[in-house]
Novice: 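Mind looking over this structure? Questions follow.
Naming: A, B, ... by sequence-line order, numbering from 1 per chain. Since the structure is predicted, the reported quantities are computational estimates derived from the model, not experimental observations.
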Protein chains: 2
Amino acid sequence: MNADAQRGRKPRADVQRNRTALLETAQRHFLRHGVSTSLEAVAKEAGVGPGTLYRHFPTREALLAAVLQTRSEELMSRQAGIEQLDHPAEALKQWLQAMEEYFSAYNGLPEPLMAAARAQEPDSPLTIPCDLLITATDRYVRAAQLAGHVRASVRGYDLFLAACSIAWIKGNGTEAESLDRLRSLIATGYLERDIQA
Amino acid sequence: MNADAQRGRKPRADVQRNRTALLETAQRHFLRHGVSTSLEAVAKEAGVGPGTLYRHFPTREALLAAVLQTRSEELMSRQAGIEQLDHPAEALKQWLQAMEEYFSAYNGLPEPLMAAARAQEPDSPLTIPCDLLITATDRYVRAAQLAGHVRASVRGYDLFLAACSIAWIKGNGTEAESLDRLRSLIATGYLERDIQA
DNA sequence: GTTGAAACGGATGCTGCCTCCGTATACGTT
DNA sequence: AACGTATACGGAGGCAGCATCCGTTTCAAC
């Protein structure tokens with residue numbers, strides 16, 4: 001569309017139409033079958049050929065990143081509410097909860113996110129959203145540390161990893177109780193002693 | 001071989017030969033390319049047809065379980081040494097370390113292990129080894145709890161999950177430092193307060 | 001040797017990935 | 001309204017991996 005605008009040509013209508021059809025179908029398929037769902041099936045159900053899918057989204061990750069865009073915005077809006085909280089430890093806890101839900105949106109989502117998180121060169125379209133999440137987490141961590149609620153040795157990245165792996169475990173069908181115990185074990189791990197309930 | 005022995009017939013020589021060739025080749029491929037490596041390639045390099053591979057090991061998990069057998073025995077022997085320790089918390093720590101190394105043997109190993117751990121009906125050949133690990137972990141946990149070193153709320157299964165996800169994170173290429181911090185965060189989480197260094 | 005059971009192995013059909021290029025379409029122009 | 005062209009479409013096709021089936025081979029017993 002940039003190229004079009006510069007050359008004074010309106011973008012073709014079918015482009016946008018196909019793009020949104022693909023995104024909607026992909027979201028449904030990711031929800032039902034996880035992120036490893038067949039892209040051919042997505043294309044077919046969206047009513048386009050495989051070539052069209054790959055032109056719009058050259059890799060599975062690109063499609064995934066585009067689909068995640070909506071979820072990311074939800075997360076950001078939720079972030080606004082969290083930042084209003086007085087208690088930094090509570091804010092951190094809620095933020096971690098929100099991230100975990102984000103990671104659990106589709107089956108198999110944690111894997112590509114982890115892969116994207118370590119790459120500094122944004123070779124993946126998921127790297128940027130990941131970095132945003134890590135940075136945000138670190139902000140909450142530092143705030144809670146300043147208030148003396150979180151141990152000094154903890155980094156935002158650590159809790160990003162923790163949330164990601166909890167989501168991974170959840171996606172593998174572990175029961176809710178075990179997850180609760182793990183979550184509170186981690187919380188015990190990062191909270192300062194005298195703050196713990 | 002049981003059927004053969006019962007019927008008084010010696011097992012065929014090629015059976016055992018092919019089996020060990022497959023196991024050796026599979027181990028090498030799992031090491032180099034992870035557990036999702038091509039089974040066709042394994043068969044070809046072992047010098048047998050795909051049919052032979054699938055007759056010996058009907059599923060990828062069956063092959064994996066057979067390959068893991070050796071590692072499992074190493075782990076068990078290590079267990080013997082660990083159980084000699086006086087300090088239950090130290091024993092637990094070393095056991096968790098040993099499990100993490102076991103889970104990290106091949107890339108992508110944590111996924112099938114997690115999948116096998118939740119299934120009670122042993123629909124997977126990995127279920128039994130997993131259950132052994134969980135039971136063993138629980139033994140260490142209880143011993144440490146009796147000594148007052150580990151919080152009462154902790155279950156062996158929780159720490160099994162924790163070790164598994166640490167191995168998962170490690171396999172996704174995270175740096176050693178972050179892993180160390182995560183490990184100690186978890187340790188802080190399960191240890192009783194007054195024991196912590 | 002011969003024989004029969006047991007094991008082999010590769011041809012086969014299938015699904016999914018990704019690319020390439022002839023064709024169709026939408027936009028701007030006349 | 002018809003045309004010309006840039007742009008996008010879409011499906012055929014090549015490739016890799018999975019898993020099976022069955023004609024052929026191999027082994028052990030006799």
Side-chain angles (χ1 to χ4, degrees), chain A residues 1-23 25-26 29-30 32-66 107-108 111-112 115 123-125, chain B residues 1-23 25-26 29-30 32-66 107-108 111-112 115 123-125:
Chain A
M1 47 178 83
N2 273 338
D4 286 323
Q6 283 169 1
R7 295 176 206 169
R9 197 188 183 99
K10 242 198 287 185
R12 286 176 55 154
D14 45 357
V15 173
Q16 183 62 21
R17 191 157 31 84
N18 286 331
R19 185 185 158 86
T20 57
L22 280 168
L23 284 176
T25 311
H29 277 243
F30 285 157
R32 261 203 273 278
H33 312 294
V35 299
S36 301
T37 188
S38 156
L39 296 188
E40 276 194 343
V42 170
K44 186 185 290 183
E45 196 179 310
V48 305
T52 300
L53 189 156
Y54 284 101
R55 191 167 331 98
H56 281 273
F57 309 103
T59 67
R60 182 183 296 274
E61 288 193 338
L63 177 58
L64 184 56
N107 236 307
E111 285 85 345
D123 48 354
S124 154
Chain B
M1 45 179 83
N2 271 339
D4 286 323
Q6 283 169 1
R7 294 178 208 169
R9 194 187 185 100
K10 241 200 287 187
R12 287 176 55 154
D14 46 357
V15 173
Q16 184 61 21
R17 190 159 27 86
N18 285 331
R19 186 186 157 87
T20 58
L22 280 167
L23 283 176
T25 312
H29 277 243
F30 285 157
R32 261 203 273 280
H33 312 294
V35 300
S36 301
T37 189
S38 157
L39 296 188
E40 275 195 343
V42 170
K44 186 185 292 182
E45 198 180 308
V48 305
T52 299
L53 189 155
Y54 283 103
R55 193 170 327 99
H56 281 273
F57 309 103
T59 67
R60 180 184 299 275
E61 289 194 337
L63 177 58
L64 184 56
N107 236 308
E111 284 85 345
D123 48 355
S124 155

Novice: For B/Leu63 and D/dA19, give me the distance from atom CG to atom C1', rounded to whole Å.
Specialist: 14 Å
Novice: In this structure, how many angstroms lie between the P atom of D/dC18 and the NE2 atom of B/His29, rounded?
Specialist: 12 Å
Novice: Separation of B/Lys10 atom NZ from C/dA6 atom C1', in whole Å?
Specialist: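 B/Lys10 atom NZ is separated from C/dA6 atom C1' by 15 Å.
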Novice: Any residue in residues 53-61 of chain A with a heavy atom nearer than 4.0 angstrom to DNA chain C? Just list them by number, or reply none.
Specialist: A/Tyr54, A/Arg60
Novice: For A/Leu39 and for B/Asn18, find the nucleotide of DNA chain C with the closest heavy atom, then tell me which residue's nucleotide is more 5'.
Specialist: B/Asn18
Novice: Any idea which heavy atoms bring A/Ala46 and A/Ala21 closest together, and the distance?
Specialist: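 Looking at all heavy atoms of both residues, the shortest contact is CB-O, 4.0 Å.
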Novice: What does A/Ser36 touch in the nucleic acid at a heavy-atom separation under 4.0 angstrom: a base, only the sugar-phosphate, or nothing?
Specialist: nothing
Novice: For A/Arg9 and C/dC27, what is the distance between atoms CZ and C1' respectively, to the nearest whole Å?
Specialist: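 One finds 5 Å between C1' of C/dC27 and CZ of A/Arg9, rounded.
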Novice: Any idea which of C/dG9, D/dA28, C/dA7 is nearest the B/Val15 side chain?
Specialist: C/dA7
Novice: Check B/Leu22 against B/Thr52 and note the closest heavy-atom contact, atom names and distance.
Specialist: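 The pair with the smallest heavy-atom distance is CD1-O, 4.4 Å.
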Novice: Report the nucleotide, chosen from C/dA26, D/dA29, C/dC17, that has the shortest atom-to-atom distance to any side-chain atom of A/Asp14.
Specialist: C/dA26
Novice: Measure the distance from CD on B/Gln16 to C1' on C/dC8 and round it to the nearest whole Å.
Specialist: 16 Å
Novice: Between D/dA28, C/dC8, C/dC18, which nucleotide has the shortest distance from any of its atoms to the side chain of A/Pro50?
Specialist: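 From the listed options, C/dC18 comes nearest.
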Novice: Closest heavy-atom contact between B/Gly108 and B/Val35?
Specialist: O-CG2, 3.2 Å
Novice: Taking CZ from A/Arg12 and P from D/dG10, how many angstroms apart are they, rounded to a whole number?
Specialist: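 Taking CZ of A/Arg12 and P of D/dG10, I get 10 Å after rounding.
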Novice: Who passes side-chain contact (heavy atoms from CB on, under 4.5 Å) against B/Arg60, sequence neighbours left out?
Specialist: B/Leu39
Novice: For B/Glu45 and D/dG17, what is the distance between atoms CD and P respectively, to the nearest whole Å?
Specialist: 13 Å
Novice: Does A/Thr52 place a side-chain N or O at less than 4.0 Å from the phosphate oxygens OP1/OP2 of D/dG10?
Specialist: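 Yes.
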Novice: Return the value, rounded to whole Å, for the distance between atom CD of A/Glu40 and atom C1' of D/dG10.
Specialist: 12 Å
Novice: Under 3.5 Å, side chain of B/Thr37 to main-chain N/O of B/Gly34, donor-acceptor pair present?
Specialist: no
Novice: Would you name the heavy atoms of B/Leu23 and B/Ala66 that are closest together and state the gap between them?
Specialist: CD2-CB, 3.6 Å
Novice: Does a nitrogen or oxygen in the side chain of A/Ser38 sit under 4.0 Å from OP1 or OP2 of C/dC17?
Specialist: yes
Novice: Of A/Gly47 and B/Ala41, whose nearest nucleotide on DNA chain D comes first from the 5' end?
Specialist: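 Its nearest nucleotide being more 5', the pick is A/Gly47.
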Novice: Applying side chain to side chain donor-acceptor pair (under 3.5 Å), name anything that partners B/Glu45, two or more places apart in sequence or on another chain.
Specialist: B/Arg28, B/His29
